[in-house]
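Note that this is a predicted model, so its numbers are computed, not measured. Below, chains carry the letters A, B, ... as their sequence lines are ordered, and counting in each starts from 1.
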2 protein chains.
Amino acid sequence: MNMVNPPLPSETSREDKIQSNPVRLGARLKLTRQTRGLTLKALALSADCSESLLSKIENGKASPSLPMLHRLVQALDSNIGWMFEETDADEGVVFRAGTRPLISLDPLRRGEGISLERIIPYSQGHLLQCNIHHIDVGGESAGPIQHVGEEVGYVLVGEIELMIGDKTFRLSAGDSFVFNSELAHWYRNVGNQRASIFWVNTPATF
Amino acid sequence: MNMVNPPLPSETSREDKIQSNPVRLGARLKLTRQTRGLTLKALALSADCSESLLSKIENGKASPSLPMLHRLVQALDSNIGWMFEETDADEGVVFRAGTRPLISLDPLRRGEGISLERIIPYSQGHLLQCNIHHIDVGGESAGPIQHVGEEVGYVLVGEIELMIGDKTFRLSAGDSFVFNSELAHWYRNVGNQRASIFWVNTPATF
DNA sequence: GGCATTATTCAAGTGACTTGAATTATTGTC
DNA sequence: GACAATAATTCAAGTCACTTGAATAATGCC
(Lines give C-alpha, C1' and ligand atoms only; values in the text may rest on other atoms or scores of the structure.)
Protein backbone atom coordinates (compact mmCIF):
# COMPACT_ATOMS: atom_id res chain seq x y z
CA MET A 1 0.00 0.00 0.00
CA ASN A 2 1.14 3.50 -0.75
CA MET A 3 2.47 5.04 2.45
CA VAL A 4 2.48 8.51 1.01
CA ASN A 5 -1.28 8.40 0.56
CA PRO A 6 -2.70 6.57 3.52
CA PRO A 7 -6.38 5.78 3.51
CA LEU A 8 -8.46 8.82 4.23
CA PRO A 9 -9.32 8.80 7.88
CA SER A 10 -12.57 10.71 8.08
CA GLU A 11 -14.94 11.25 5.16
CA THR A 12 -16.54 7.91 4.51
CA SER A 13 -15.35 5.89 7.45
CA ARG A 14 -17.46 7.74 9.96
CA GLU A 15 -20.56 7.71 7.81
CA ASP A 16 -20.06 4.07 7.01
CA LYS A 17 -19.70 3.09 10.59
CA ILE A 18 -22.99 4.76 11.37
CA GLN A 19 -24.73 3.43 8.31
CA SER A 20 -23.47 -0.12 8.07
CA ASN A 21 -26.41 -1.44 10.01
CA PRO A 22 -28.62 1.50 10.86
CA VAL A 23 -29.31 2.45 7.29
CA ARG A 24 -31.15 -0.78 6.74
CA LEU A 25 -32.80 -0.71 10.10
CA GLY A 26 -33.85 2.85 9.42
CA ALA A 27 -35.31 2.00 6.06
CA ARG A 28 -37.18 -0.88 7.55
CA LEU A 29 -38.57 1.31 10.29
CA LYS A 30 -39.60 3.93 7.79
CA LEU A 31 -41.32 1.45 5.56
CA THR A 32 -43.13 0.00 8.54
CA ARG A 33 -44.26 3.39 9.69
CA GLN A 34 -45.47 4.33 6.25
CA THR A 35 -47.30 1.09 5.87
CA ARG A 36 -49.12 1.90 9.05
CA GLY A 37 -50.00 5.28 7.62
CA LEU A 38 -48.29 7.07 10.47
CA THR A 39 -46.56 10.41 10.31
CA LEU A 40 -43.25 11.05 12.04
CA LYS A 41 -45.04 13.21 14.55
CA ALA A 42 -47.61 10.57 15.33
CA LEU A 43 -45.02 7.85 15.81
CA ALA A 44 -42.81 10.16 17.84
CA LEU A 45 -45.74 10.81 20.11
CA SER A 46 -46.59 7.19 20.73
CA ALA A 47 -42.97 6.11 21.05
CA ASP A 48 -42.23 9.11 23.24
CA CYS A 49 -39.37 10.70 21.41
CA SER A 50 -38.81 13.64 19.15
CA GLU A 51 -39.81 13.82 15.55
CA SER A 52 -36.32 14.77 14.51
CA LEU A 53 -34.75 11.80 16.18
CA LEU A 54 -36.99 9.54 14.19
CA SER A 55 -36.06 11.30 11.03
CA LYS A 56 -32.40 10.72 11.79
CA ILE A 57 -32.88 7.11 12.69
CA GLU A 58 -34.85 6.44 9.55
CA ASN A 59 -32.14 8.04 7.45
CA GLY A 60 -29.27 6.30 9.15
CA LYS A 61 -28.00 9.50 10.74
CA ALA A 62 -28.43 8.04 14.19
CA SER A 63 -28.92 4.63 15.61
CA PRO A 64 -31.48 4.24 18.35
CA SER A 65 -30.68 2.99 21.81
CA LEU A 66 -32.23 -0.36 22.58
CA PRO A 67 -34.92 1.05 24.83
CA MET A 68 -35.73 3.53 22.09
CA LEU A 69 -35.89 0.81 19.45
CA HIS A 70 -38.06 -1.22 21.70
CA ARG A 71 -40.53 1.60 22.11
CA LEU A 72 -40.49 2.13 18.37
CA VAL A 73 -41.30 -1.40 17.32
CA GLN A 74 -43.89 -1.53 20.05
CA ALA A 75 -45.56 1.60 18.74
CA LEU A 76 -45.35 0.12 15.26
CA ASP A 77 -46.80 -3.14 16.46
CA SER A 78 -43.80 -4.98 15.12
CA ASN A 79 -40.87 -6.68 16.78
CA ILE A 80 -37.17 -6.08 16.90
CA GLY A 81 -36.30 -9.44 15.44
CA TRP A 82 -37.70 -9.02 12.05
CA MET A 83 -36.39 -5.48 11.70
CA PHE A 84 -33.11 -7.25 11.08
CA GLU A 85 -34.49 -10.14 9.11
CA GLU A 86 -32.70 -10.77 5.85
CA THR A 87 -34.82 -10.51 2.76
CA ASP A 88 -34.01 -10.60 -0.88
CA ALA A 89 -35.76 -7.72 -2.51
CA ASP A 90 -34.91 -7.97 -6.13
CA GLU A 91 -34.58 -11.60 -6.95
CA GLY A 92 -37.87 -13.34 -7.04
CA VAL A 93 -39.25 -14.64 -3.81
CA VAL A 94 -41.51 -17.60 -3.58
CA PHE A 95 -43.33 -18.39 -0.39
CA ARG A 96 -45.00 -21.69 0.25
CA ALA A 97 -48.47 -21.80 1.68
CA GLY A 98 -48.22 -21.94 5.44
CA THR A 99 -44.64 -20.68 5.61
CA ARG A 100 -45.39 -17.01 5.36
CA PRO A 101 -44.87 -14.68 8.29
CA LEU A 102 -48.07 -14.05 10.19
CA ILE A 103 -48.69 -10.79 11.92
CA SER A 104 -51.31 -10.15 14.53
CA LEU A 105 -52.38 -6.57 14.53
CA ASP A 106 -53.05 -4.15 17.27
CA PRO A 107 -56.83 -4.33 17.61
CA LEU A 108 -57.08 -0.64 18.34
CA ARG A 109 -55.21 0.34 15.28
CA ARG A 110 -56.17 -2.25 12.79
CA GLY A 111 -59.22 -4.05 13.92
CA GLU A 112 -60.65 -6.90 15.89
CA GLY A 113 -59.79 -10.49 15.10
CA ILE A 114 -57.61 -9.76 12.12
CA SER A 115 -54.21 -11.15 11.28
CA LEU A 116 -52.12 -10.60 8.22
CA GLU A 117 -50.11 -13.11 6.30
CA ARG A 118 -47.29 -11.43 4.49
CA ILE A 119 -47.04 -12.14 0.82
CA ILE A 120 -44.44 -9.51 0.15
CA PRO A 121 -41.72 -9.32 2.78
CA TYR A 122 -40.85 -5.99 4.30
CA SER A 123 -37.68 -4.93 2.67
CA GLN A 124 -36.46 -1.99 0.81
CA GLY A 125 -37.37 -1.63 -2.78
CA HIS A 126 -40.81 -3.13 -2.92
CA LEU A 127 -43.39 -1.15 -4.78
CA LEU A 128 -46.35 -3.11 -3.61
CA GLN A 129 -47.77 -4.25 -0.35
CA CYS A 130 -49.55 -7.53 -0.29
CA ASN A 131 -51.07 -9.55 2.49
CA ILE A 132 -53.70 -12.13 3.04
CA HIS A 133 -56.10 -10.75 5.63
CA HIS A 134 -57.48 -13.46 7.86
CA ILE A 135 -60.60 -12.30 9.63
CA ASP A 136 -62.09 -14.24 12.49
CA VAL A 137 -65.81 -14.79 12.67
CA GLY A 138 -67.30 -11.44 13.61
CA GLY A 139 -63.95 -9.69 13.18
CA GLU A 140 -63.81 -6.29 11.56
CA SER A 141 -61.29 -3.71 10.52
CA ALA A 142 -60.75 -0.55 12.51
CA GLY A 143 -60.94 2.92 11.07
CA PRO A 144 -59.42 2.97 7.64
CA ILE A 145 -56.11 4.49 6.79
CA GLN A 146 -56.72 6.75 3.89
CA HIS A 147 -53.92 7.40 1.48
CA VAL A 148 -53.37 7.88 -2.20
CA GLY A 149 -53.05 4.74 -4.16
CA GLU A 150 -55.06 1.80 -5.22
CA GLU A 151 -56.23 -1.40 -3.64
CA VAL A 152 -57.18 -4.71 -5.20
CA GLY A 153 -58.44 -7.78 -3.49
CA TYR A 154 -59.86 -11.22 -3.98
CA VAL A 155 -61.88 -13.16 -1.46
CA LEU A 156 -60.24 -16.55 -1.04
CA VAL A 157 -62.69 -17.96 1.43
CA GLY A 158 -65.62 -16.83 3.57
CA GLU A 159 -68.27 -14.15 3.52
CA ILE A 160 -67.43 -10.56 4.11
CA GLU A 161 -69.12 -7.23 4.04
CA LEU A 162 -67.02 -4.55 2.41
CA MET A 163 -67.71 -0.86 2.52
CA ILE A 164 -66.11 1.40 -0.06
CA GLY A 165 -67.00 5.04 0.11
CA ASP A 166 -70.71 5.06 0.77
CA LYS A 167 -71.47 1.70 -0.74
CA THR A 168 -71.65 -1.68 0.92
CA PHE A 169 -71.02 -5.01 -0.73
CA ARG A 170 -71.43 -8.54 0.47
CA LEU A 171 -68.67 -10.66 -0.98
CA SER A 172 -68.15 -14.40 -1.17
CA ALA A 173 -65.21 -16.54 -2.15
CA GLY A 174 -64.14 -15.73 -5.69
CA ASP A 175 -65.41 -12.16 -5.70
CA SER A 176 -62.97 -9.34 -6.30
CA PHE A 177 -62.75 -5.60 -5.87
CA VAL A 178 -60.66 -2.57 -6.78
CA PHE A 179 -60.84 0.90 -5.41
CA ASN A 180 -58.98 4.10 -4.90
CA SER A 181 -57.30 4.15 -1.51
CA GLU A 182 -58.58 7.61 -0.82
CA LEU A 183 -62.06 6.24 -0.43
CA ALA A 184 -62.87 5.30 3.12
CA HIS A 185 -63.04 1.55 3.39
CA TRP A 186 -63.90 -0.96 6.03
CA TYR A 187 -64.72 -4.63 6.22
CA ARG A 188 -66.23 -7.26 8.45
CA ASN A 189 -66.58 -11.01 8.50
CA VAL A 190 -70.29 -11.75 8.28
CA GLY A 191 -70.04 -15.47 7.68
CA ASN A 192 -69.73 -18.31 10.14
CA GLN A 193 -66.18 -19.27 9.30
CA ARG A 194 -62.82 -17.57 9.12
CA ALA A 195 -62.54 -15.41 6.01
CA SER A 196 -59.42 -14.72 3.96
CA ILE A 197 -58.82 -11.93 1.51
CA PHE A 198 -55.86 -11.63 -0.79
CA TRP A 199 -55.13 -7.93 -0.66
CA VAL A 200 -52.71 -5.81 -2.65
CA ASN A 201 -52.11 -2.13 -2.35
CA THR A 202 -49.77 0.50 -3.57
CA PRO A 203 -47.85 2.07 -0.73
CA ALA A 204 -48.89 5.28 0.95
CA THR A 205 -45.82 7.01 -0.34
CA PHE A 206 -46.93 7.40 -3.83
CA MET B 1 -92.80 17.80 -0.60
CA ASN B 2 -92.91 20.29 2.21
CA MET B 3 -93.47 23.78 0.76
CA VAL B 4 -92.66 25.49 4.03
CA ASN B 5 -89.17 24.05 4.01
CA PRO B 6 -87.97 24.18 0.47
CA PRO B 7 -84.60 22.65 -0.29
CA LEU B 8 -81.78 24.77 0.96
CA PRO B 9 -80.72 27.10 -1.78
CA SER B 10 -77.12 28.00 -1.10
CA GLU B 11 -74.65 26.10 1.02
CA THR B 12 -74.18 22.96 -0.92
CA SER B 13 -75.78 23.96 -4.18
CA ARG B 14 -73.06 26.39 -5.10
CA GLU B 15 -70.31 23.98 -4.20
CA ASP B 16 -72.07 21.24 -6.05
CA LYS B 17 -72.43 23.25 -9.17
CA ILE B 18 -68.75 23.90 -9.18
CA GLN B 19 -67.86 20.38 -8.26
CA SER B 20 -70.32 18.39 -10.31
CA ASN B 21 -67.87 17.85 -13.11
CA PRO B 22 -64.64 19.52 -12.08
CA VAL B 23 -64.13 17.44 -9.04
CA ARG B 24 -63.73 14.38 -11.20
CA LEU B 25 -61.72 16.20 -13.80
CA GLY B 26 -59.53 17.49 -11.02
CA ALA B 27 -59.01 14.05 -9.58
CA ARG B 28 -58.15 12.72 -12.99
CA LEU B 29 -55.66 15.49 -13.56
CA LYS B 30 -54.10 14.90 -10.21
CA LEU B 31 -53.76 11.19 -10.78
CA THR B 32 -52.19 11.81 -14.14
CA ARG B 33 -49.77 14.32 -12.70
CA GLN B 34 -48.79 11.97 -9.91
CA THR B 35 -48.35 9.10 -12.29
CA ARG B 36 -45.94 11.27 -14.20
CA GLY B 37 -44.10 12.01 -11.00
CA LEU B 38 -44.61 15.74 -11.34
CA THR B 39 -45.00 18.25 -8.56
CA LEU B 40 -47.55 21.05 -8.69
CA LYS B 41 -44.77 23.54 -9.20
CA ALA B 42 -43.26 21.59 -12.06
CA LEU B 43 -46.55 21.19 -13.84
CA ALA B 44 -47.47 24.82 -13.22
CA LEU B 45 -44.22 25.82 -14.84
CA SER B 46 -44.65 23.77 -17.98
CA ALA B 47 -48.35 24.59 -18.32
CA ASP B 48 -47.65 28.24 -17.57
CA CYS B 49 -49.97 28.90 -14.69
CA SER B 50 -49.71 29.27 -10.96
CA GLU B 51 -49.21 26.46 -8.55
CA SER B 52 -52.24 27.49 -6.54
CA LEU B 53 -54.52 27.42 -9.51
CA LEU B 54 -53.54 23.85 -10.13
CA SER B 55 -54.19 22.97 -6.55
CA LYS B 56 -57.66 24.45 -6.84
CA ILE B 57 -58.40 22.73 -10.09
CA GLU B 58 -57.28 19.39 -8.75
CA ASN B 59 -59.48 19.82 -5.73
CA GLY B 60 -62.51 20.95 -7.62
CA LYS B 61 -62.32 24.47 -6.26
CA ALA B 62 -61.98 25.87 -9.73
CA SER B 63 -62.58 24.64 -13.20
CA PRO B 64 -59.98 25.50 -15.81
CA SER B 65 -60.69 27.49 -18.92
CA LEU B 66 -60.41 25.50 -22.10
CA PRO B 67 -57.08 27.02 -23.11
CA MET B 68 -55.82 26.30 -19.65
CA LEU B 69 -57.03 22.71 -19.75
CA HIS B 70 -55.44 22.31 -23.12
CA ARG B 71 -52.08 23.46 -21.83
CA LEU B 72 -52.45 21.13 -18.89
CA VAL B 73 -53.13 17.95 -20.78
CA GLN B 74 -50.41 18.90 -23.20
CA ALA B 75 -47.92 19.29 -20.39
CA LEU B 76 -49.13 15.99 -19.02
CA ASP B 77 -48.82 14.34 -22.39
CA SER B 78 -52.43 13.28 -22.25
CA ASN B 79 -55.54 14.44 -24.06
CA ILE B 80 -58.69 16.23 -23.10
CA GLY B 81 -60.91 13.41 -24.24
CA TRP B 82 -60.05 10.86 -21.71
CA MET B 83 -60.05 13.38 -18.88
CA PHE B 84 -63.82 13.10 -19.22
CA GLU B 85 -64.02 9.46 -20.09
CA GLU B 86 -66.26 7.50 -17.81
CA THR B 87 -64.41 5.04 -15.69
CA ASP B 88 -65.27 3.25 -12.55
CA ALA B 89 -61.87 4.16 -11.28
CA ASP B 90 -62.96 6.53 -8.60
CA GLU B 91 -65.78 4.59 -7.09
CA GLY B 92 -64.99 1.11 -6.01
CA VAL B 93 -65.74 -1.75 -8.32
CA VAL B 94 -66.81 -5.14 -7.18
CA PHE B 95 -66.92 -8.05 -9.57
CA ARG B 96 -68.69 -11.28 -8.76
CA ALA B 97 -67.00 -14.57 -9.43
CA GLY B 98 -67.91 -15.69 -12.90
CA THR B 99 -69.04 -12.27 -14.10
CA ARG B 100 -65.66 -10.88 -14.94
CA PRO B 101 -64.61 -10.23 -18.51
CA LEU B 102 -62.65 -13.10 -19.91
CA ILE B 103 -60.00 -12.52 -22.50
CA SER B 104 -58.48 -15.15 -24.67
CA LEU B 105 -55.04 -14.16 -25.61
CA ASP B 106 -53.26 -14.14 -28.84
CA PRO B 107 -51.21 -17.34 -28.57
CA LEU B 108 -48.32 -15.74 -30.37
CA ARG B 109 -48.13 -12.85 -28.02
CA ARG B 110 -49.11 -14.33 -24.75
CA GLY B 111 -48.90 -18.06 -24.87
CA GLU B 112 -50.67 -21.29 -25.50
CA GLY B 113 -53.85 -22.20 -23.69
CA ILE B 114 -54.00 -19.12 -21.52
CA SER B 115 -56.92 -16.84 -20.87
CA LEU B 116 -57.13 -13.87 -18.58
CA GLU B 117 -59.94 -12.90 -16.29
CA ARG B 118 -59.91 -9.16 -15.70
CA ILE B 119 -59.99 -8.15 -12.08
CA ILE B 120 -59.30 -4.52 -12.78
CA PRO B 121 -61.17 -3.20 -15.80
CA TYR B 122 -58.95 -2.03 -18.54
CA SER B 123 -59.55 1.67 -18.27
CA GLN B 124 -56.97 4.33 -17.89
CA GLY B 125 -56.52 5.81 -14.51
CA HIS B 126 -55.77 2.60 -12.73
CA LEU B 127 -52.47 2.28 -11.01
CA LEU B 128 -52.48 -1.46 -10.99
CA GLN B 129 -53.12 -4.22 -13.43
CA CYS B 130 -54.68 -7.39 -12.15
CA ASN B 131 -55.91 -10.55 -13.78
CA ILE B 132 -56.50 -14.16 -12.99
CA HIS B 133 -54.47 -16.24 -15.41
CA HIS B 134 -56.21 -19.46 -16.35
CA ILE B 135 -53.80 -21.92 -17.84
CA ASP B 136 -54.99 -25.06 -19.57
CA VAL B 137 -53.29 -28.34 -18.96
CA GLY B 138 -49.94 -28.16 -20.69
CA GLY B 139 -50.41 -24.46 -21.44
CA GLU B 140 -47.52 -22.08 -21.11
CA SER B 141 -46.78 -18.39 -21.41
CA ALA B 142 -44.95 -16.95 -24.37
CA GLY B 143 -41.93 -14.74 -24.12
CA PRO B 144 -42.34 -12.32 -21.26
CA ILE B 145 -42.89 -8.62 -21.62
CA GLN B 146 -40.23 -6.98 -19.57
CA HIS B 147 -40.85 -3.66 -17.98
CA VAL B 148 -40.03 -1.79 -14.80
CA GLY B 149 -42.32 -2.54 -11.96
CA GLU B 150 -43.24 -5.34 -9.68
CA GLU B 151 -45.38 -8.43 -9.90
CA VAL B 152 -47.16 -10.39 -7.21
CA GLY B 153 -49.14 -13.55 -7.57
CA TYR B 154 -50.95 -16.27 -5.74
CA VAL B 155 -51.76 -19.70 -7.07
CA LEU B 156 -55.47 -20.26 -6.62
CA VAL B 157 -55.61 -23.76 -8.02
CA GLY B 158 -53.39 -26.18 -9.88
CA GLU B 159 -49.72 -26.92 -10.26
CA ILE B 160 -47.45 -24.63 -12.18
CA GLU B 161 -43.83 -24.23 -12.92
CA LEU B 162 -42.64 -20.65 -12.66
CA MET B 163 -39.35 -19.33 -13.87
CA ILE B 164 -38.04 -16.05 -12.52
CA GLY B 165 -34.67 -14.92 -13.73
CA ASP B 166 -32.58 -18.08 -13.68
CA LYS B 167 -34.53 -19.92 -11.03
CA THR B 168 -37.38 -22.33 -11.44
CA PHE B 169 -40.11 -23.01 -8.90
CA ARG B 170 -42.86 -25.53 -8.78
CA LEU B 171 -45.91 -23.95 -7.20
CA SER B 172 -49.14 -25.39 -5.86
CA ALA B 173 -52.38 -23.82 -4.73
CA GLY B 174 -51.74 -21.38 -1.91
CA ASP B 175 -48.16 -20.58 -2.87
CA SER B 176 -47.26 -17.00 -3.67
CA PHE B 177 -44.49 -15.06 -5.34
CA VAL B 178 -43.15 -11.55 -5.88
CA PHE B 179 -40.53 -10.35 -8.27
CA ASN B 180 -39.19 -7.38 -10.11
CA SER B 181 -40.76 -7.12 -13.55
CA GLU B 182 -37.40 -6.57 -15.13
CA LEU B 183 -36.51 -10.18 -14.48
CA ALA B 184 -37.44 -12.50 -17.27
CA HIS B 185 -40.32 -14.70 -16.25
CA TRP B 186 -42.27 -17.53 -17.71
CA TYR B 187 -44.72 -20.15 -16.52
CA ARG B 188 -46.32 -23.43 -17.50
CA ASN B 189 -49.08 -25.64 -16.23
CA VAL B 190 -47.47 -28.89 -15.13
CA GLY B 191 -50.48 -30.38 -13.38
CA ASN B 192 -53.34 -32.41 -14.74
CA GLN B 193 -56.01 -29.79 -14.27
CA ARG B 194 -56.59 -26.20 -15.25
CA ALA B 195 -54.49 -23.86 -13.13
CA SER B 196 -55.38 -20.34 -11.99
CA ILE B 197 -53.09 -17.62 -10.76
CA PHE B 198 -54.17 -14.34 -9.24
CA TRP B 199 -51.69 -11.92 -10.71
CA VAL B 200 -51.06 -8.25 -10.00
CA ASN B 201 -48.54 -5.97 -11.55
CA THR B 202 -47.64 -2.34 -11.54
CA PRO B 203 -47.89 -0.57 -14.85
CA ALA B 204 -44.86 0.44 -16.83
CA THR B 205 -45.33 4.04 -15.87
CA PHE B 206 -44.50 3.66 -12.27
C1' DG C 1 -13.59 11.45 38.19
C1' DG C 2 -12.79 13.24 33.52
C1' DC C 3 -13.14 12.83 28.72
C1' DA C 4 -14.75 11.46 24.17
C1' DT C 5 -18.50 9.61 21.82
C1' DT C 6 -23.12 9.43 20.65
C1' DA C 7 -28.12 9.59 21.63
C1' DT C 8 -31.57 13.04 22.05
C1' DT C 9 -33.82 17.45 21.87
C1' DC C 10 -34.99 22.24 20.39
C1' DA C 11 -35.52 25.45 17.05
C1' DA C 12 -35.13 26.85 12.54
C1' DG C 13 -35.44 25.60 7.55
C1' DT C 14 -37.33 23.39 3.25
C1' DG C 15 -40.66 21.68 -0.13
C1' DA C 16 -45.07 20.35 -1.51
C1' DC C 17 -49.34 21.68 -1.19
C1' DT C 18 -53.63 24.64 0.36
C1' DT C 19 -56.26 28.74 1.43
C1' DG C 20 -58.06 33.49 1.17
C1' DA C 21 -58.17 38.01 -0.40
C1' DA C 22 -57.32 40.82 -4.42
C1' DT C 23 -57.39 41.19 -9.43
C1' DT C 24 -58.58 40.17 -13.99
C1' DA C 25 -61.47 37.83 -17.60
C1' DT C 26 -66.06 36.13 -19.03
C1' DT C 27 -70.68 35.97 -19.22
C1' DG C 28 -75.35 37.37 -19.36
C1' DT C 29 -78.83 41.25 -19.34
C1' DC C 30 -80.73 45.51 -20.43
C1' DG D 1 -72.08 48.62 -25.86
C1' DA D 2 -72.16 49.24 -20.85
C1' DC D 3 -72.72 47.14 -16.20
C1' DA D 4 -73.21 43.78 -12.98
C1' DA D 5 -72.44 39.21 -11.58
C1' DT D 6 -69.73 35.34 -11.71
C1' DA D 7 -65.90 32.76 -11.95
C1' DA D 8 -60.83 32.15 -13.33
C1' DT D 9 -56.29 33.44 -12.02
C1' DT D 10 -52.63 35.31 -9.19
C1' DC D 11 -49.96 36.68 -5.01
C1' DA D 12 -48.83 36.15 -0.52
C1' DA D 13 -49.31 33.86 3.58
C1' DG D 14 -50.24 29.48 6.07
C1' DT D 15 -49.94 24.45 6.99
C1' DC D 16 -48.04 19.94 7.16
C1' DA D 17 -44.55 16.42 6.91
C1' DC D 18 -40.15 16.04 7.09
C1' DT D 19 -34.89 17.36 7.54
C1' DT D 20 -30.84 19.66 9.37
C1' DG D 21 -27.61 21.72 12.67
C1' DA D 22 -26.32 23.33 16.92
C1' DA D 23 -26.96 22.54 21.85
C1' DT D 24 -27.63 19.35 25.71
C1' DA D 25 -27.83 14.99 28.17
C1' DA D 26 -26.24 10.03 28.51
C1' DT D 27 -23.07 6.67 28.12
C1' DG D 28 -18.90 4.11 28.13
C1' DC D 29 -13.88 3.96 28.58
C1' DC D 30 -9.30 5.27 30.71
Under a 4.0 Å heavy-atom criterion, the protein footprint on nucleotides 9-14 of chain D, written with B, S and -, is SBBB--
Taking atom [atom2] of [N] as reference, at what distance in whole Å does atom [atom1] of [X] sit?
| X | N | atom1 | atom2 | value |
| --- | --- | --- | --- | --- |
| A:L45 | C:dT9 | CG | P | 12 Å |
| A:L66 | D:dG28 | CG | P | 11 Å |
| A:L43 | D:dC18 | CG | C1' | 13 Å |
| A:E58 | C:dT8 | CD | P | 14 Å |
| A:K30 | D:dC18 | NZ | P | 8 Å |
| A:L72 | C:dT8 | CG | C1' | 12 Å |

Looking only at the aromatic ring of each residue, does the gap between the centers of A:Y154 and A:F198 stay below 6.0 angstrom?
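Ring-ring flag for A:F198/A:Y154: false, centres at least 6.0 Å apart.
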Please give me the minimum heavy-atom distance between A:A97 and B:D175, naming the atom from each residue.
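Closest heavy-atom pair between A:A97 and B:D175: N-OD1, 2.8 Å.
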For A:H134 and A:S196, which I'm curious about, is there any donor-acceptor pair between the side chains at under 3.5 Å?
yes
Please determine, by modelled atom types, if A:S176 and B:R100 share a side-chain donor-acceptor pair under 3.5 angstrom.
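Yes, a side-chain donor-acceptor pair sits under 3.5 Å.
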Counting only side-chain N and O atoms of B:R33, is one of them less than 4.0 Å from OP1 or OP2 of C:dA16?
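Answer is no, no contact under 4.0 Å.
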Does the pair A:R170/A:E161 count as a salt bridge with the N-to-O cut at 4.0 Å?
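Not counted as a salt bridge, because no side-chain N and carboxylate O are separated by less than 4.0 Å.
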Geometric class of the A:Y187/A:H133 ring pair [parallel <30°, tilted 30-60°, perpendicular >60°]:
perpendicular
